[in-house]
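Predicted model, so just to flag it, every value in this text is computed and none were measured.
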Amino acid sequence: MPDITKTPVDDAAATAAVPAGNGDGTAGGNGTANGNGNGGSTEKPRSLWGDAWSDLRRNPYFVVSAVLIVILLTITAFPGLFTGADPIAADLKNHFLTKPELGKLFSDGWLGYDAQGRSVYARLIYGTRASVVVGISVTILVTLVGGIVGMLAGYFGGIVDSLLSRLTDIFFGVPFLLGAMVVMNSFTDRKVWVVILALAFLGWTQIARVMRGSVITIKQSDYVQAAKALGASTSRILLKHILPNAVAPVIVVATIALGGYISAEATLSYLGLGLSAPTISWGIDISDGANQIRVAQHILIYPSIMLSITVLAFIMLGDAVRNALDPKLR
């Protein structure tokens, strides 16, 4: 007859008292739990970021986008490694009606010449720098501004949340591209930093909303309440407990938005309200190519392809990161 006086606690204590064993799979002195045989696993549980990195390495979209982005960053940093031609040197002997020399890879005339006799290939290479620098710089700025605004609004709530949310709504109500055109039109010398500030001035609202919602969810967690009960300062709670756990959706949104900022810069330059000569931009080259589309399509096609590949690479990277960080999409 079973002993009804024995409790689950007694059973657990008796089980814990069994020696760990030597790993040959038998009970008692040769137990399996912590041995080297066929017993239980001793692998430590991975964090969210560890699981995300494991998923990303197996995702072909991430691999392809990462390779493309590494190539683009290399071109941005060292354009001279890919071409020896001067992208602003005009030579009218190189007529734009001359067909591209597709057989001469990476030569000055590989992709033909534009209406001023400049190498299309050289301008593609050097135009990468402006687009990538604008995209990355705007993303960093909007992430910092939007992240701080959203974190403060979500954590403090009350009047702080009301004021910051209404401020966000005001900026969110301004059409992004139209507002950037108005800002850019007020500058006569439109350099790279002007475009960066104009796009960042209106682009932080989405990040702020995402961060606010994430912080509101995280601040209800037990570990945040415990930190408050132990007397942790507000700055410590925000930086040590809330920010590391609320930043994942912000990273996803920022990565996807980066491609949009590159496209926005090209659009402004195409309309004549973005970067101006002598700065080299794909948007400027696409605008020039549109005037010659009937007789010299290569002037328009190649910058458009380069722009599309760049935007697609960052969007693919953002989608891969989103799938890796969201357990529901695994």
Side-chain angles (χ1 to χ4, degrees), residues 68-69 71-80 82-83 85-90 96 108 110-142 176-203 257-293 296-315:
L68 290 175
I69 291 172
I71 294 174
L72 290 169
L73 293 178
T74 304
I75 294 175
T76 300
F78 310 103
F82 298 87
T83 179
D86 187 348
I88 61 176
F96 68 94
D108 296 356
W110 179 33
L111 302 180
Y113 298 92
D114 62 8
Q116 300 182 39
R118 300 171 298 189
S119 171
V120 172
Y121 171 62
R123 293 186 65 81
L124 276 185
I125 295 298
Y126 281 88
T128 305
R129 174 174 295 175
S131 297
V132 172
V133 168
V134 167
I136 293 177
S137 300
V138 173
T139 302
I140 292 174
L141 283 178
V142 300
F176 177 67
L177 196 58
L178 180 60
M181 292 169 60
V182 173
V183 174
M184 292 299 300
N185 195 42
S186 61
F187 291 89
T188 55
D189 188 14
R190 295 185 289 270
K191 296 183 179 297
V192 172
W193 67 270
V194 176
V195 177
I196 292 173
L197 293 179
L199 296 179
F201 180 70
L202 298 170
L258 197 155
Y261 297 136
I262 293 176
S263 179
E265 178 275 318
T267 302
L268 291 173
S269 298
Y270 175 82
L271 297 174
L273 295 172
L275 298 175
S276 56
T279 305
I280 304 170
S281 167
W282 293 333
I284 296 175
D285 291 345
I286 292 173
S287 178
D288 294 339
N291 299 326
Q292 311 292 338
I293 190 171
Q297 294 81 10
H298 63 276
I299 304 177
L300 171 66
I301 291 175
Y302 293 121
S304 301
I305 292 176
M306 195 69 173
L307 175 63
S308 300
I309 291 175
T310 303
V311 173
L312 180 62
F314 284 104
I315 291 177

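- With rounding to the nearest 0.5 angstrom, the CZ atom of F187 is 7.5 Å from the CG atom of L197.
- No side-chain donor-acceptor contact under 3.5 Å links H298 to the backbone of V120.
- Residues T267 and L273 have side chains not in contact (no heavy-atom distance under 4.5 Å, counting atoms from C-beta outward).
- The minimum heavy-atom distance linking A200 with V138 is given by the pair N-CG1, 4.0 Å.
- Nearest heavy atoms, I196 versus S137: CD1-CB, 3.5 Å.
- Atom CG of L268 is separated from atom CZ of R190 by 9.5 Å, given to the nearest 0.5 angstrom.
- Nearest approach of A198 to V183, heavy atoms of both residues: CB-CG1, 3.8 Å.
- Residue R123 forms a side-chain hydrogen bond (donor to acceptor under 3.5 Å, both in side chains) with just one option from D288, D285, D86, and that option is D285.
- Separation of atoms CD1 (I305) and CG (L312) is listed at 13.0 Å; rounding is to 0.5 Å.
- The closest donor-acceptor contact from the side chain of T128 to the backbone of L124 lies under 3.5 Å.
- Going from atom NZ of K191 over to atom CG of L275 covers 10.0 Å, rounded to the nearest 0.5 Å.
- The nearest pair of heavy atoms linking A266 to L307 is CB-CD2, 3.6 Å.
- Of the residues listed (L258, I262, T139, V195), the one engaging V134 in a side-chain contact (heavy atoms from CB on, under 4.5 Å) is V195, and it is the only one.
- Using a distance-only test at 3.5 Å, with no hydrogens or angles considered, no donor-acceptor pair links the side chain of R118 to the main chain of I88.
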* To do: Decide yes or no on side chain to side chain contact (heavy atoms under 4.5 Å, CB included) for F176 and L199, but give the supporting numbers first.
  => CA-CA 8 Å; F176 177 67; L199 296 179; 3.7 Å; yes
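- Here the closest heavy-atom approach between residue V142 and residue G203 is recorded as CG1-C, 3.7 Å.
- Between atom OG1 of residue T310 and atom CH2 of residue W282 there is a gap of 3.5 Å, rounded to the nearest 0.5 Å.
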* **CA sep, side-chain torsions, deciding dist, call: F314, I69, side chain to side chain contact (heavy atoms under 4.5 Å, CB included)** => CA-CA 7 Å; F314 284 104; I69 291 172; 3.8 Å; yes
* Starting from the C-alpha separation in whole Å, work towards a yes-or-no answer on side chain to side chain contact (heavy atoms under 4.5 Å, CB included) for F82 and Y121. => CA-CA 10 Å; F82 298 87; Y121 171 62; 3.8 Å; yes
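- At least one side-chain heavy atom of M306 sits under 4.5 Å from a side-chain heavy atom of L72.
- Judged purely by atom type and a 3.5 angstrom limit, S287 has no side-chain atom pairing as donor or acceptor with the backbone of G283.
- Side-chain N or O atoms of S269 include none that pairs as donor or acceptor with a backbone N or O of S281 at under 3.5 Å.
- Rounded to the nearest 0.5 Å, atoms OH (Y126) and CD1 (I280) are 8.0 Å apart.
- Counted within 6.0 Å of CZ on F201, heavy atoms from surrounding residues, nucleotides or ligands total 12 or fewer; the atom is thus considered open.
- No donor-acceptor distance shorter than 3.5 angstrom exists from the side chain of Y261 to the backbone of S131, with no hydrogens or angles considered.
- When all heavy atoms are compared, the tightest approach of D108 to A85 is OD1-CB, 3.2 Å.
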